[in-house]
Amino acid sequence: MDKEVRVRFAPSPTGHLHIGGARTALFNLLFARHNNGKFILRIEDTDTTRSTDEYIEAIIQGMKWLKLDWDEGPFRQTARFDIYKSYAEKLLGEGKAYRCYCSQEELEQRRQEAAAQGRPPKYDGRCRNSEHQPDKPFTVRFKTPQEGQTIVNDLIKGVVEFENNQLDDMIIVRSDGTPTYNFVVVVDDIDMKITHIIRGDDHLNNTPKQILIYKAFDWDPPAFGHLPMILGADKARLSKRHGATSVMAYEEMGYLPDALVNYLVRLGWAYGDQEVFSRDELIKFFDLENIGKSAAVFNPEKLLWLNGQYIINSTAAEIADAVLPFLVKAGIVRNDEHIDKEWLSKAVKTLQERSKTLIELATSLKYYINEHVEIDQKAKEKFLKPDSIKVLAELKAELENMSDFSAVELEKVFVSLAEKLSIKLGSIAQPVRVAITGSTASPGIFEVIEIVGKDKTLKRLSKVIEGG
RNA sequence: GUCCCUAUCGUCUAGCCCGGCCUAGGACAUCGCCCUUUCAAGGCGGUAACGCGGGUUCGAAUCCCGCUGGGGACGCCA
């Protein structure tokens with residue numbers, strides 16, 4: 001029997017959970033669930049000058065919103081410094097690492113000189129044989145073999161070969177005693193029994209360095225799978241200038257977490273021609289084999305379409321719950337105001353197929369909830385001319401006598417009035433729509449009126465008829 | 001500069017591993033038509049791609065080489 005699959009998502013808390021990170025986390029989760037394995041969250045906060053607790057919280061919040069549930073963690077590397085220290089000492093003791101006394105300024109200067117002369121900006125290994133100088137600050141460098149090749153057998157990219165002499169002696173412990181990424185990632189992945197490392201392909205170049213560390217400890221490296229990057233519309237690496245990149249910004253813009261997940265999974269992964277997947281389907285179908293090798297451009301329009309699909313395919317009650325915070329935020333309902341869920345669901349139902357985001361939906365909901373509506377000037381000019389007003393007056397008289405204010409009954413009244421006046425139904429419906437909703441576009445006018453109710457409907461008609 | 005990855009419609013992709021079924025399929029966007037009380041949703045249809053050059057082969061989007069384009073890495077960041 002194979003050993004249990006264990007994967008991890010290892011963000012560094014130097015920013016919010018962004019689109020790229022979320023997709024990496026998602027692929028890890030899906031891989032774990034598909035293989036009945038475990039998904040571990042590990043916070044890579046060894047850079048204590050840039051990591052913050054706020055960002056840890058933000059990342060966790062983003063993962064929870066997307067329902068990327070992890071099984072173990074979050075583990076913080078800053079809580080594990082003793083472990084790394086003992087391993088670094090082991091390497092030092094075995095002569096596989098050495099103390100380097102070069103200062104940051106010296107190193108920077110040498111890099112610049114190298115760049116100016118067109119040489120590779122590689123550390124020259126000059127401290128490899130230095131005497132121990134107890135009174136001087138030092139970093140610990142890994143003694144990278146300078147001959148031979150290191151092969152990465154990547155699950156996604158295939159076999160990738162690196163010349164060891166391209167790699168330099170990387171720093172594994174900073175002069176302040178804290179360990180660095182390429183070192184701790186190896187120690188942790190072994191310690192946490194990670195079987196598959198699935199991460200962005202910006203890490204592919206780090207992989208041979210890490211494999212060399214595994215070898216130095218005589219450990220078997222896990223399997224690697226490097227995911228292609230996500231780019232912006234200009235094919236440059238996705239960043240703030242391409243618009244919203246933080247996952248939580250999408251929540252604020254009225255996106256559903258399942259829609260974002262569905263969009264993200266299709267960036268680099270495909271299952272035939274299928275576009276919309278349930279979570280269960282994703283777990284069932286997900287496979288590293290179906291992941292593409294080339295970078296993908298983030299396309300907000302398709303995400304918007306998918307969000308619309310998810311809104312349509314959810315139940316009205318689900319969407320009503322989801323839209324409520326947006327109604328409060330937009331000031332359409334007060335925080336403490338009671339709003340009838342069943343009624344709200346009815347209203348939501350008429351708007352589902354016309355809303356691509358919850359923000360849009362909440363905005364449209366205004367004319368159901370508010371007492372009065374603001375009428376669009378252009379709509380008014382076009383549909384609330386004297387002739388139409390006269391029709392509205394006749395309609396109002398008819399409506400006042402109705403007891404069953406249902407869409408079915410309303411339609412009958414509208415139709416017979418149209419016949420009586422020998423005009424098209426649209427000649428009544430459109431002015432009414434403007435009077436009731438304030439605009440020329442809305443769900444079917446009969447259902448709108450039913451939901452708005454007799455009281456508000458008559459008030460709004462009166463206001464228009466009286467020229468208010 | 002060096003190293004690494006990559007290359008099918010504007011975008012996401014199927015097909016490529018196991019050459020012929022590809023006159024290259026689907027989706028978003030876009031355009032047109034239908035439905036219709038408006039707007040949507042939905043249905044139908046259109047425009048639109050194998051980066052270039054060499055091979056191999058009876059035959060290449062599919063295999064090989066080169067070029068070009070794009071991305072990434074080269075940090076006491078991760």
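Since the model is a prediction, treat every value here as computed from it, not as a measurement.
Using atom P as the reference point in both B:C76 and B:G15, the two lie 42 Å apart (nearest Å). The P atoms of B:U11 and B:C4 are separated by 27 Å, rounded to the nearest whole Å. Rounded to whole Å, the separation between the C1' atoms of B:C9 and B:C28 comes to 12 Å. Nucleotides B:G51 and B:C12 have their P atoms positioned 14 Å apart, rounded to a whole Å. Nucleotides B:G72 and B:U30 have their P atoms positioned 29 Å apart, rounded to a whole Å. Spacing of P atoms, B:C17 relative to B:C22, comes out at 16 Å, to the nearest Å. With both ends at atom C1', the span from B:U57 to B:A14 equals 26 Å, rounded to whole Å. Look at the P atom in both B:A24 and B:G70: the space between them is 29 Å, to the nearest Å.
Within the structure, side-chain hydrogen bond (donor to acceptor under 3.5 Å, both in side chains) contacts touching residues 344-358 of chain A (residues at least two apart or in different chains) are A:Lys346-A:Glu450, A:Thr350-A:Tyr368.
Remark: the A:His132 side chain and the A:Tyr98 side chain contain no N/O donor-acceptor pair separated by less than 3.5 Å. There is no side-chain donor-acceptor pair under 3.5 Å between A:Arg80 and A:Gln77.
Every residue meeting the side-chain contact (heavy atoms from CB on, under 4.5 Å) condition with A:Arg50, not counting sequence neighbours, appears here in chain and number order: A:Thr14, A:Asp47.
Applying side-chain contact (heavy atoms from CB on, under 4.5 Å) to A:Met170 and the options A:Val140, A:Ile213, A:Thr180, A:Leu212 leaves one that passes, A:Ile213.
In this structure, A:Phe446 reaches the bases: a heavy-atom distance under 4.0 Å links it to at least one base atom across the strands shown. Residue A:Gly292 is out of contact with every strand shown, counting any heavy-atom pair closer than 4.0 Å. At a threshold of 4.0 angstrom between heavy atoms, the contacts of A:Pro208 with the nucleic acid are absent.
Between A:Arg241 and A:Asp234, at least one side-chain N (NZ, or NE/NH1/NH2) sits under 4.0 Å from a carboxylate O, which counts as a salt bridge.
The separation between A:Ile230 atom CD1 and B:U13 atom C1' is 15 Å, rounded to whole Å.
Residue A:Tyr101 qualifies as enclosed at atom OH: its count of foreign heavy atoms under 6.0 Å is above 12. Atom CD of A:Gln117 has more than 12 neighbouring heavy atoms from other residues, nucleotides or ligands inside a 6.0 Å radius.
Here the two rings, on A:Phe39 and A:Phe31, have centers that are 6.0 Å apart or farther. For A:His242 and A:Phe298, the ring centers are positioned 6.0 Å apart or more. When ring centroids are compared, A:Tyr181 and A:His203 come within the 6.0 Å threshold.
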Tabulate protein N/O versus nucleotide N/O from nucleotides 41-45 of chain B, keeping only pairs under 3.5 Å, one per line.
{"residue": "B:A41", "atom": "OP1", "partner": "A:Lys356", "partner atom": "NZ", "Å": "3.1"}
{"residue": "B:G42", "atom": "OP1", "partner": "A:Gln309", "partner atom": "NE2", "Å": "3.3"}

Could you go through nucleotides 30-36 of chain B and list every protein N or O atom that sits under 3.5 Å from one of its N or O atoms, giving the distance for each pair?
none

Going by atom type alone, with no hydrogens or angles, which donor-acceptor pairs under 3.5 Å involve a side-chain atom of residues 256-267 of chain A and a protein atom two or more places apart or on another chain?
{"residue": "A:Asp258", "atom": "OD1", "partner": "A:Arg279", "partner atom": "NE", "Å": "3.4"}
{"residue": "A:Asp258", "atom": "OD1", "partner": "A:Arg279", "partner atom": "NH2", "Å": "2.9"}
{"residue": "A:Asn262", "atom": "OD1", "partner": "A:Phe277", "partner atom": "N", "Å": "2.9"}
{"residue": "A:Asn262", "atom": "OD1", "partner": "A:Tyr310", "partner atom": "OH", "Å": "2.5"}
{"residue": "A:Asn262", "atom": "ND2", "partner": "A:Glu275", "partner atom": "O", "Å": "2.9"}
{"residue": "A:Tyr263", "atom": "OH", "partner": "A:Asn299", "partner atom": "N", "Å": "2.7"}
{"residue": "A:Tyr263", "atom": "OH", "partner": "A:Asn299", "partner atom": "O", "Å": "3.4"}
{"residue": "A:Arg266", "atom": "NE", "partner": "A:Glu275", "partner atom": "OE1", "Å": "3.4"}
{"residue": "A:Arg266", "atom": "NH1", "partner": "A:Trp269", "partner atom": "O", "Å": "2.9"}
{"residue": "A:Arg266", "atom": "NH2", "partner": "A:Glu275", "partner atom": "OE2", "Å": "3.4"}

Open item on the list: For nucleotides 69-78 of chain B, give me one character per nucleotide, 5' to 3': B if any protein heavy atom sits under 4.0 Å from the base, S if the only such contacts are to the sugar-phosphate, - if neither.
Closed with: -SSBSBSBBB
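Distance from the side chain of A:Lys293 is smallest for B:U6 among the nucleotides B:U13, B:U6, B:U37. Nearest nucleotide to the side chain of A:Ala441, out of B:C39, B:U37, B:U11: B:C39. Comparing B:G26, B:U37, B:C5 by their nearest atom to the side chain of A:Arg266 picks out B:G26.
Pairing for B:C33 is with B:G43, a Watson-Crick or G-U wobble pair whose two hydrogen-bonding atom distances lie under 3.5 Å.
For A:Lys157 and B:C5, the shortest distance from a side-chain N or O to OP1 or OP2 is not below 4.0 Å.
A residue-by-residue look at A:Gly268 and A:Leu425 shows that A:Gly268 has its nearest nucleotide of RNA chain B further toward the 5' end.
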